[in-house]
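A quick write-up on the structure given underneath.
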Amino acid sequence: MLTRETILGKPITAVMTVLKWSGSLVLASMMFLTAADVACRYVFNDPIAGALELVEYMMAILIPFSVAYCAYTQSHVAVEFIMDKFPAKIKKAVMVPITVLTIIFGGLITWQTCLYVLETYASKLTSSVLLIVTYPFIIPVALGMGMFTLILFYELIGGFAERKVE
């Protein structure tokens, strides 16, 4: 049986540790930026220019990293109140095709996001207020969705079967 110590399990665990801490740092930064923006708005009547834009870019990092981390820790929302009523064989028979479809769609999203990174790089697209180049903030979407898809594939072939991480 595959475990976290297998050849694919160790790199996934290492990457997910980096994504977890990166996402945590981005979330803390979003929180402090939003609090500072609100404080400046109400105390000095002068909000931080581009704060909304920065928070939007930070969400483009945080959300895909969080999706991948939820898959890694198996903490995603499931329809358990229905699935708990069925025997294990039926659960597996239902979950395998759903997981395969999710892997296919995750792969398509990752692929198309990679193409979009190249497109935005070539177009030199920038944000409207702070004129920040856009393509570096699309890369985490591709990375997060790619990791999500890889984790689902790894679980489908039997990896991470015994674990509920941290």
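Cluster annotation: Val15 is connected to Leu62 through the hydrophobic network of ILVMFWY side chains, with a link wherever side-chain heavy atoms come within less than 4.5 Å. Side-chain heavy atoms closer than 4.5 Å link hydrophobic residues (I, L, V, M, F, W, Y) into clusters, and following such links, even through other members, never connects Val26 to Val18. Linking Ile, Leu, Val, Met, Phe, Trp and Tyr residues whenever their side-chain heavy atoms come within less than 4.5 Å places Leu108 and Ile63 in a single cluster. Note on Leu143 and Trp21: separate hydrophobic clusters, where clusters join Ile, Leu, Val, Met, Phe, Trp and Tyr whose side-chain heavy atoms are under 4.5 Å apart, directly or indirectly. Hydrophobic cluster membership differs between Leu115 and Val117, with clusters built from Ile, Leu, Val, Met, Phe, Trp and Tyr side chains linked at under 4.5 angstrom.
Residues Ile132 and Leu54 have side chains in contact (heavy-atom distance under 4.5 Å, counting atoms from C-beta outward). Annotation: side chain of Phe137 is not in contact with side chain of Thr134 (no heavy-atom distance under 4.5 Å).
In this structure, CD1 on Ile109 lies 12.0 Å from SG on Cys114, to the nearest 0.5 angstrom. In this structure, CD1 on Ile61 lies 10.0 Å from CE on Met30, to the nearest 0.5 angstrom. Note that CG of Leu156 is 12.0 Å distant from CD1 of Ile98, once rounded to the nearest 0.5 Å. Between Ile151 atom CD1 and Gln74 atom CD the span is 10.0 Å, to the nearest 0.5 Å. Atom CG in Leu150 sits 10.5 Å away from atom CD in Glu155 (nearest 0.5 Å). Residue Ile104 holds its CD1 atom at 11.0 Å from OG1 of Thr99, rounded to the nearest 0.5 Å.
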Practice problem: Determine, step by step, whether Cys70 and Phe148 satisfy the side chain to side chain contact (heavy atoms under 4.5 Å, CB included) criterion, reporting the C-alpha distance in whole Å, the side-chain angles of both residues, the deciding distance to 0.1 Å, and the verdict. | Solution: CA-CA 9 Å; Cys70 281; Phe148 171 72; over 6 Å; no

Quiz item: Can you check side chain to side chain contact (heavy atoms under 4.5 Å, CB included) on Tyr72 and Leu19, steps first, answer last?
Solution: CA-CA 11 Å; Tyr72 178 70; Leu19 294 186; over 6 Å; no

Practice problem: List the steps and the verdict of side chain to side chain contact (heavy atoms under 4.5 Å, CB included) for Thr73 and Tyr69. | Solution: CA-CA 6 Å; Thr73 59; Tyr69 188 71; 3.4 Å; yes

Practice problem: Check the pair Val133, Leu125 against side chain to side chain contact (heavy atoms under 4.5 Å, CB included), reporting the backbone distance first and the verdict last. | Solution: CA-CA 6 Å; Val133 179; Leu125 184 66; over 6 Å; no

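Without hydrogens or angle criteria, Glu53 side chain to Val129 main chain gives a donor-acceptor distance under 3.5 Å. Under the 3.5 Å distance criterion, the side-chain polar atoms of Asp37 are left unmatched by any main-chain donor or acceptor of Ala51.
Screening residues 110-124 for side-chain hydrogen bond (donor to acceptor under 3.5 Å, both in side chains), with sequence neighbours left out, gives no hits.
The minimum heavy-atom distance between Pro140 and Ala60, with the atom names listed, is CB-O, 4.1 Å.
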